[in-house]
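Inspection log for the structure reproduced underneath, given as structure tokens.
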There are 2 protein chains.
Amino acid sequence: MNFTASEENYIKAIYHLQQSAALVTTNELAAQLKTKPASVTDMLKKLKLKDLLLYEKYQGFQLSNKGKKVALGIIRKHRLWEYFLVNKLQFGWDEVHEIAEDLEHINSKLLIERLDAFLNFPRFDPHGDPIPDVNGRMEVSKQINLIDLAPHQPAEVSAVGSQSSELLDLLSHKNIGIGTRLEVVKKFIFDHSIEIKIEDTAPFSISQQLAQSLFVKPL
Amino acid sequence: MNFTASEENYIKAIYHLQQSAALVTTNELAAQLKTKPASVTDMLKKLKLKDLLLYEKYQGFQLSNKGKKVALGIIRKHRLWEYFLVNKLQFGWDEVHEIAEDLEHINSKLLIERLDAFLNFPRFDPHGDPIPDVNGRMEVSKQINLIDLAPHQPAEVSAVGSQSSELLDLLSHKNIGIGTRLEVVKKFIFDHSIEIKIEDTAPFSISQQLAQSLFVKPL
DNA sequence: AAATTTTTTTAGCCAAATCTAAATTTTTAT
DNA sequence: ATAAAAATTTAGATTTGGCTAAAAAAATTT
């Protein structure tokens, strides 16, 4: 079954909203989608008809299992495209959201499978969010981007943003790998570089680009 | 200025049709887009209002200079995506048209510039068609229609006349693709069929219709 | 427990892009 | 040069997704 871009946007937004509360409300969703409550009600009826939504009027709503599956498929597409834009087309991780919003609505199972393979089956997008696999499963991890780690908060490297040989080369030269413990000493506004300190070694600086490719779990 | 996917499809179709005849007609365009003449008339009015089209009712129409520029931008996007799908995602050249039809409507100047750079500024798409550059300029290749190729002149298939699945199906059954080397053995007046010989294989005949859909570069 | 406020839904409209059926213009054939 | 045929346009409907304004239901206050 295929869905319109509008339906997909509703499904995705409901999915995200129900992460914080089981039931989503009409006003909440209208605010999220920058539309009016009346428009939301209209769409809810359509989604219910297609068995994507559990909804009784005035009672709030949530995605059905089918709806959740669809949501994960859209999120998968979105995050794979973001990964592509950052790691292949050299976009900054903060520039890709809008473009991925459009790309995620392209409907081709084969395209996404081939893209996934081309990117080497990445498990996290450039923001550190996990990418669902073909079956909608994804890693649950509290990792954050190194660039968002608070200074002096000890943490452990838990993932790298890509498997490119260029990145891996740089990481091995700097002696950074999965499990490396480090903390941020200082962040520099000028070039967004950050100084980090790996346990028992002298602090050194890394570029913004490198920091964005590293994910850590606070300890 | 941005356009809807539907407007873009009309503009692109008009562009292609006016390659063979200066003025395009309503019925022609309706057939091309698999829609009805009445729908075409409606859209023509919109395109005229946006100064993309030179159109007086009942008199046929053609793209304005502005319209041509827009068309070349869409064609550029389409062909770059086709190149990406074939050369990066391992699609066959006969599988990519539909997906590129969707991707071409993604609106981001920056995305296309980055994609172009990532692909190393290719000048021809996988079907042998030239890719317009940022300014809408493209190479005019010296390819000729197979029907005009002199007997016993070795040549290489460089493009196909359409992307219809019927044509692509026929070509793959006959083992003809971009890059295939062949020569014309004999032309038959009676039905305008021609006998061709692909390097190291037995000669066989193809219809006039098929020959007209193949473009070659003499070697 | 009523009254008020907030939330949600309904009713009725609009715009884009399509369609069918009917009308009009152009072209072709007698 | 007219009549018939073909092509094109107009008129009016439909679908999708959105809107505003008003009605209805639920939640909150007094």
Side-chain angles (χ1 to χ4, degrees), chain A residues 1-14 17-18 20-63 67 70-71 74 101-102 104-107, chain B residues 1-14 17-18 20-63 67 70-71 74 101-102 104-107:
Chain A
M1 187 97 61
N2 270 0
F3 306 101
T4 66
S6 186
E7 287 170 333
E8 291 195 350
N9 286 333
Y10 273 87
I11 294 165
K12 195 168 53 124
I14 296 169
L17 286 173
Q18 63 181 35
S20 23
L23 282 183
V24 184
T25 67
T26 303
N27 271 1
E28 237 181 338
L29 185 52
Q32 178 78 19
L33 292 170
K34 290 171 180 173
T35 183
K36 304 290 140 150
S39 310
V40 170
T41 302
D42 286 346
M43 183 61 90
L44 295 179
K45 286 190 220 156
K46 281 181 216 163
L47 295 178
K48 188 188 176 176
L49 260 174
K50 296 190 181 188
D51 288 319
L52 298 166
L53 200 66
L54 307 172
Y55 165 55
E56 294 306 325
K57 56 182 182 178
Y58 294 108
Q59 304 309 141
F61 47 89
Q62 67 187 121
L63 292 175
V70 173
I74 302 162
E101 283 294 291
D102 289 339
E104 76 187 6
H105 301 301
I106 303 283
N107 267 320
Chain B
M1 186 95 62
N2 270 359
F3 306 100
T4 66
S6 186
E7 287 169 333
E8 291 195 348
N9 286 334
Y10 273 87
I11 294 165
K12 196 169 52 124
I14 297 169
L17 287 173
Q18 63 181 32
S20 22
L23 281 184
V24 184
T25 67
T26 304
N27 271 0
E28 236 181 340
L29 184 52
Q32 178 77 19
L33 292 171
K34 289 169 183 177
T35 184
K36 304 290 140 151
S39 311
V40 169
T41 302
D42 286 346
M43 183 60 90
L44 294 179
K45 287 191 219 154
K46 283 181 216 162
L47 296 178
K48 187 187 177 178
L49 260 174
K50 295 189 182 189
D51 287 319
L52 298 166
L53 199 65
L54 307 173
Y55 166 55
E56 294 307 325
K57 56 181 183 177
Y58 294 105
Q59 305 308 142
F61 46 89
Q62 67 188 119
L63 293 175
V70 173
I74 302 162
E101 283 293 290
D102 289 339
E104 75 187 8
H105 301 301
I106 303 283
N107 267 321

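Sequence lines set the chain letters: A, B, ... in the order given, protein chains first and strands last, and positions in each chain run from 1.
Residue A:N27 places at least one side-chain N or O closer than 4.0 Å to OP1 or OP2 of C:dT8. At least one side-chain nitrogen or oxygen of A:T35 sits closer than 4.0 Å to the OP1 or OP2 atom of D:dC19. Side-chain N/O atoms of A:T25 include none lying less than 4.0 angstrom from OP1 or OP2 on C:dT7. At the phosphate of C:dC19, OP1 or OP2 sits under 4.0 Å from a side-chain N or O atom of B:S39.
Toward the 5′ end of DNA chain D lies the nearest nucleotide of A:A5, the other residue of the pair A:Y58 and A:A5 mapping further downstream. Comparing B:E28 and A:M43 against DNA chain D, the residue whose closest nucleotide sits nearer the 5' end is B:E28.
If you check D:dT9, C:dA17, D:dG17 against the side chain of B:T4, the one that comes closest is C:dA17. Among D:dT8, D:dA26, C:dT20, the nucleotide with an atom closest to any side-chain atom of B:A38 is C:dT20. In this structure, the nucleotide among C:dT18, C:dT7, C:dT9 sitting nearest to the side chain of A:P37 is C:dT9.
Per the geometry, NZ belonging to B:K46 stands 12 Å off P belonging to C:dA15, to the nearest Å. For B:K57 and C:dT24, the NZ to P distance is 11 Å, given to the nearest whole Å. C:dT9 atom C1' lies 13 Å from atom CZ of A:F61, rounded to whole Å. Here the P atom of nucleotide D:dC19 and the CG atom of A:D42 are 10 Å apart, to the nearest Å. Rounded to a whole Å, the NZ atom of A:K34 is 18 Å from the C1' atom of D:dC19. Across the protein-nucleic acid pair, B:F3 atom CZ and C:dA15 atom P stand 20 Å apart, rounded to whole Å. Between the NZ atom of A:K36 and the P atom of C:dT7 there is a distance of 15 Å, given to the nearest Å. We find that NZ of B:K45 is positioned 14 Å from P of C:dA17, with the value rounded to whole Å.
From B:F61, atom CZ reaches atom CG of B:L54 across 11.5 Å, with rounding to the nearest 0.5 Å. Between the OG1 atom in B:T4 and the NZ atom in B:K46 there is a gap of 7.0 Å [rounded to 0.5 Å].
Under 3.5 Å, the side chains of B:H105 and A:D102 contain no donor-acceptor pair of N or O atoms.
Here the side chain of B:E8 pairs no donor or acceptor atom with the backbone of B:I74 at under 3.5 angstrom.
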Check step by step if side-chain contact (heavy atoms from CB on, under 4.5 Å) holds for B:K48 and B:K57.
-> CA-CA 11 Å; B:K48 187 187 177 178; B:K57 56 181 183 177; over 6 Å; no

